[in-house]
Amino acid sequence: MVLNYSDHFLQNKIVLKKRIIGVVIVRNGIAVQSNCFRSYLPIGKPEIVVEFLNDWGVDEIILLDISASRNQKGPNYSMVSKAAEKCLVPLTVGGGITSTQEIHNLMQCGADKISLNQVTFNHLDLIQEGAQIFGEQCIVVSVDIKKIEGTYKIYNYMRKDVIPNNPLSFIKSLEDRGAGEIFINNVDADGKKEGFDINLISYISKNISIPLICCGGAGRAQDFIEVLKYTEASGIAASNFFNFFEHSVTIIKSITNKDYPIRHDSPNQYNDVNLCELGRLKKKSDLILEDMLYQKIEKEVI
């Protein structure tokens, strides 16, 4: 029996382990924390953030230069090369991409996949062109979604307004053009730490036949679990959340891996420790801490 691509994906997405993905937002060359696409808190050099995420055990990293298109600049190849040197997991790169030549150049710099966003509003054919040359698996299309008067709309961050297309119809048109993966970012939830929009993620993931990555709203371990439990998303992405405390990726994986198939091969395990609701380690009792700090030496008897 011969399976087409959609049948193959539908069979395998049931058994494939879900991905925990770290997102690095870059603005004017600096990695930042984003809040609703309006305010930004500097973190540091993108390659350093990539290195930490890689060491902490993320399955993939998405590096997005949000200022490239706004400043009418192409991809920052130097930044991508430095980041790729620190990255031992699949690296997706987005920002300022307008041609297949730029896609080729990014691959030469170390990118495994590329993310298209702004260019899809004016040059939709680039998706098809890129898929034909580099393969559908290399083409990720990023879609920003915002709620306007209770209705989901596609958000154009350059113009700071929405387009009239129905989000699902728009995403399915991207799929038809050859997109191998969809990355949706919830503008309203960005940086809020109030959880993912489960209704939106579930609706989109059930109605497309390619992998879906969701982003926007991560604030605690339970938020990741809800996506795994109630949606068919194949990847859960977060940016700000993973910058709050060390080993956050490993802790999230330790919690979710108890009930859901998550890749978890980090040497650091938190399976038998007490964690708070946010996923931080709870303080041990003073008696345990005292026992850990001091070695008891029995009094010598002469």
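The model shown is predicted, which means the values in this text are computed figures rather than measured ones. Any value given below was found using the heavy atoms of this structure, including those in side chains, with hydrogens, waters and symmetry copies removed.
Note on Ile21 and Val24: separate hydrophobic clusters, where clusters join Ile, Leu, Val, Met, Phe, Trp and Tyr whose side-chain heavy atoms are under 4.5 Å apart, directly or indirectly. The cluster map of Ile, Leu, Val, Met, Phe, Trp and Tyr, joined by side-chain heavy atoms under 4.5 Å apart, puts Val227 and Tyr203 in the same cluster. Side-chain heavy atoms closer than 4.5 Å link hydrophobic residues (I, L, V, M, F, W, Y) into clusters, and following such links, possibly through other members, connects Phe170 to Ile204. Both Ile133 and Val141 belong to a single network of hydrophobic side chains, linked directly or stepwise wherever heavy atoms of I, L, V, M, F, W or Y lie under 4.5 Å apart. Under the 4.5 Å side-chain heavy-atom criterion for Ile, Leu, Val, Met, Phe, Trp and Tyr, Val80 and Ile30 are members of distinct hydrophobic clusters.
Using modelled atom types and a 3.5 Å distance limit, the side chains of Asn71 and Asn28 yield a donor-acceptor pair. Counted by atom type alone, Glu175 and Ser209 present one or more donor-acceptor pairs between their side chains at under 3.5 Å. Defined by atom type and a distance below 3.5 Å, a donor-acceptor pair is missing between the side-chain atoms of Asp190 and Asn185. Side-chain contact of Ser67 with Asp65: a donor-acceptor pair under 3.5 Å is present, judged by distance alone.
Put simply, the side chain of Asn35 reaches to within 4.5 Å of the side chain of Lys192, judged on heavy atoms. Side-chain atoms of Val32 and Leu41, non-hydrogen and from C-beta on, never get closer than 4.5 Å to each other. At a threshold of 4.5 Å between non-hydrogen side-chain atoms, the residues Glu226 and Ile201 do not count as touching. Here the side chains of Ile184 and Asn186 are not in contact, with every heavy-atom distance at 4.5 Å or above. Looking at heavy atoms from C-beta onward, Asn117 lies out of side-chain contact with Ile97 at the 4.5 angstrom threshold.
More than 12 non-hydrogen atoms from other residues, nucleotides or ligands lie less than 6.0 angstrom from CZ of Phe121. Heavy atoms from other residues, nucleotides or ligands lying under 6.0 Å from NZ of Lys82 number 12 at most.
A distance-only check finds a donor-acceptor pair linking the side chain of Asn240 to the backbone of Ser34 [under 3.5 Å]. Using a distance-only test at 3.5 Å, with no hydrogens or angles considered, a donor-acceptor pair links the side chain of Thr250 to the main chain of Trp56. A donor-acceptor pair is defined here as one N or O able to donate and one able to accept, closer than 3.5 Å; such a pair exists between the side chain of Gln137 and the backbone of Phe134. Between the Lys113 side chain and the Gly180 main chain, no donor and acceptor come within less than 3.5 Å of each other. A donor-acceptor pair under 3.5 Å links the side-chain atoms of Ser205 to the main chain of Glu232, judged by distance alone.
To the nearest 0.5 Å, atoms OG1 (Thr256) and CD1 (Ile20) are separated by 5.5 Å. Atoms CG and CD, on Asn243 and Gln33 in that order, are 5.0 Å from each other to the nearest 0.5 Å.
Looking at Tyr152, Tyr157, Phe37, Tyr155 one by one, the single match for side chain to side chain contact (heavy atoms under 4.5 Å, CB included) with Lys146 turns out to be Tyr155.
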